[in-house]
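In what follows, a structure is listed as structure tokens, so that the remarks can point back to it.
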Amino acid sequence: MNKNMKQWVSGVIQSPKKKAMPILSFPAVQLLGISVRELISDGETQAKAMKAVAGRVPSLASVSLMDLSVEAECFGAQIKFSDFEVPTVTGKLIETPEDADALEVPAMGSGRTGIYVGAIGKAVKMITDRPVLAGIIGPFSLAGRLVDVTEAMILCYEDPDMLHALLEKVVSFSIEYARSYKAVGADGVIIAEPLAGMLSPALCEEFSSPYVRKIVEAVQDDSFIVVYHNCGNNTVKMLDSLLSVGAAGYHFGNAVSMRDVMPNMPENVLAFGNVDPAGQLRNGTPESVREATLAVMNDCADYKNFVISSGCDIPPLTPWENIDAFFKAVEAF
């Protein structure tokens, strides 16, 4: 779109009536009559999926797949694929400091990154009425997928040097990945850093925020924004650290209440959240989704920088009548 995204953020904040921006991409498989496996394997299909969603709902922006397996696969991790679930990482790739030292940073375009970047390049030509936001995984979350989630937490205490060495490698790749999205015309990127939500504020400040900040500083400017996603239950306690990364927007999971988040958010920074994507959108009813959506909006309507969203990525087989009920509730409010 080549629009001034700083002005866009300001415009959203100043607008008296705000559109919703759920993390809505994978349910497009239902609209296209395809499997998740087909969706993640072809860039043209991904672009058509984003276009189909944009045609169905009046969202604030078009968001690409929140697929947190892509980068780990590039580094060599084993991935479990299925027809109706989002891909997941299995096993561990890195076990020793020697493994971390020997790990090679993959070339941009390796694995499925070429497919995903190509998809955004196509999507921005097809979706011109709203910003198009790509997606990448956060550095600590990526490191955790390479060493195993539990092991990542242990390494914070037992071998921080190994963890920092690994983080330096993964963040260099993440920066190039974000730059690739920027180069094909994306208006911004959502960095999903869910594993950081399990850290204490002090550990987040050491092992996550400085590395996320490197990505933000490398790519965010007037034409390209970063939205930071963290779905942990510690986010309110670590807000100072999260805000230090300098993102234009922050997306919060439903483990916390937006009622607790919003008083601590700077007025010039967007805050997105946080209807339960599994409990409500996937497994609720249109009536319960409406009630849950209105409850969050009632809590946060007085904050100009608040944007209603899902708490995280909406699962592929979420009933579209529930998604429609979410948007109808926003419109009614």
Side-chain angles (χ1 to χ4, degrees), residues 22-57 59 62-93 106-127 132-138 141-142 144-146 148-149 170 173-174 177 180-181 184 186 189-192 194-195 229 231 277-278 281-283 310-323:
I23 308 296
L24 173 60
S25 56
F26 276 105
V29 296
Q30 299 174 61
L31 300 179
L32 299 185
I34 60 173
S35 67
V36 170
R37 202 185 300 261
E38 290 172 285
L39 178 64
I40 65 170
S41 303
D42 181 72
E44 183 78 35
T45 302
Q46 286 181 28
K48 287 178 179 174
M50 292 177 68
K51 175 65 174 173
V53 171
R56 174 72 179 245
V57 299
S59 57
S62 173
V63 299
S64 73
L65 307 183
M66 190 179 274
D67 181 349
L68 306 187
S69 70
V70 177
E71 295 95 323
E73 184 183 26
C74 287
F75 277 94
Q78 293 296 307
I79 311 298
K80 180 184 177 184
F81 300 99
S82 72
D83 286 338
F84 300 109
E85 297 291 338
V86 177
T88 55
V89 177
T90 61
K92 63 167 76 170
L93 182 69
M108 184 44 52
S110 61
R112 283 175 290 137
T113 55
I115 294 174
Y116 280 53
V117 172
I120 292 296
K122 293 179 173 70
V124 295
K125 295 179 175 68
M126 298 163 69
I127 303 165
V132 172
L133 304 180
I136 67 173
I137 190 173
S141 300
L142 176 52
R145 278 157 176 76
L146 300 180
D148 175 75
V149 169
V170 302
F173 182 75
S174 298
Y177 194 19
S180 296
Y181 279 130
V184 297
V189 67
I190 299 174
I191 300 178
L195 191 54
H229 165 79
C231 48
L281 289 160
R282 172 68 179 92
N283 295 311
S310 54
C312 195
D313 193 29
I314 298 176
L317 297 184
T318 297
W320 269 94
E321 53 263 40
N322 286 358
I323 297 170

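Computation of the quantities below employed the complete heavy-atom set of this structure, encompassing side-chain atoms and omitting hydrogens, waters and symmetry-equivalent molecules.
A 4.5 Å side-chain heavy-atom check between V124 and V184 finds every atom pair outside the cut-off. In this structure the side chain of L39 never reaches within 4.5 angstrom of the side chain of P316, judged on heavy atoms. At a threshold of 4.5 Å between non-hydrogen side-chain atoms, the residues F26 and L317 do not count as touching. Between S59 and L24, every side-chain heavy-atom pair lies at or beyond the 4.5 Å cut-off. The shortest distance between side-chain heavy atoms of P22 and I314 falls below 4.5 Å. Annotation: side chain of P106 is in contact with side chain of F173 (closest heavy-atom distance under 4.5 Å). Annotation: side chain of Y177 is in contact with side chain of V117 (closest heavy-atom distance under 4.5 Å).
Of all the heavy atoms in P194 and C231, the pair that sits closest is CB-SG, 3.5 Å. Smallest separation of non-hydrogen atoms from G43 and A119: O-CB, 3.4 Å. The two residues L32 and T45 make their nearest non-hydrogen contact at CD1-O, 4.0 Å. Closest approach of S69 and I79 over heavy atoms only: O-CD1, 3.7 Å. Nearest heavy-atom pair across L281 and P319 is O-CD, 3.7 Å. Across all their heavy atoms, P277 and G311 have their closest contact at CD-N, 3.8 Å.
Residues satisfying the side-chain contact (heavy atoms from CB on, under 4.5 Å) criterion with L31, sequence neighbours excluded, are A52, V53, R56, W320. Qualifying side chain to side chain donor-acceptor pair (under 3.5 Å) partners for S174, counting only residues two or more places apart in sequence or in other chains: none. Residues passing the side chain to side chain donor-acceptor pair (under 3.5 Å) test with T113: none are found, sequence neighbours excluded. Partners of S25 by side-chain contact (heavy atoms from CB on, under 4.5 Å), not counting sequence neighbours, listed by chain and number: L65, D313.
One distance of note links NE2 of H229 with CD1 of I137; it measures 10.5 Å at 0.5 Å rounding. Atom CD1 in I191 sits 10.5 Å away from atom OG in S141 (nearest 0.5 Å). Rounded to the nearest 0.5 angstrom, T88 OG1 and R145 CZ are separated by 9.0 Å. One finds the OG atom of S41 at 8.5 Å from the CD atom of Q46 (value rounded to the nearest 0.5 Å).
Under the salt bridge (Lys or Arg N to Asp or Glu O under 4.0 Å) criterion, the residue pairs touching residues 31-45 are R37-D83, with sequence neighbours excluded. Note on residues 108-125: pairs passing salt bridge (Lys or Arg N to Asp or Glu O under 4.0 Å), not counting sequence neighbours, are D67-R112, E73-R112.
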List the steps, then state whether side-chain contact (heavy atoms from CB on, under 4.5 Å) holds for E71 with V170. CA-CA 9 Å; E71 295 95 323; V170 302; over 6 Å; no
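With L133 as the partner, the side-chain contact (heavy atoms from CB on, under 4.5 Å) test is satisfied by one option alone out of I190, I120, V189: I190.
In this structure a side-chain-to-backbone donor-acceptor pair under 3.5 Å is present from S310 to I23.
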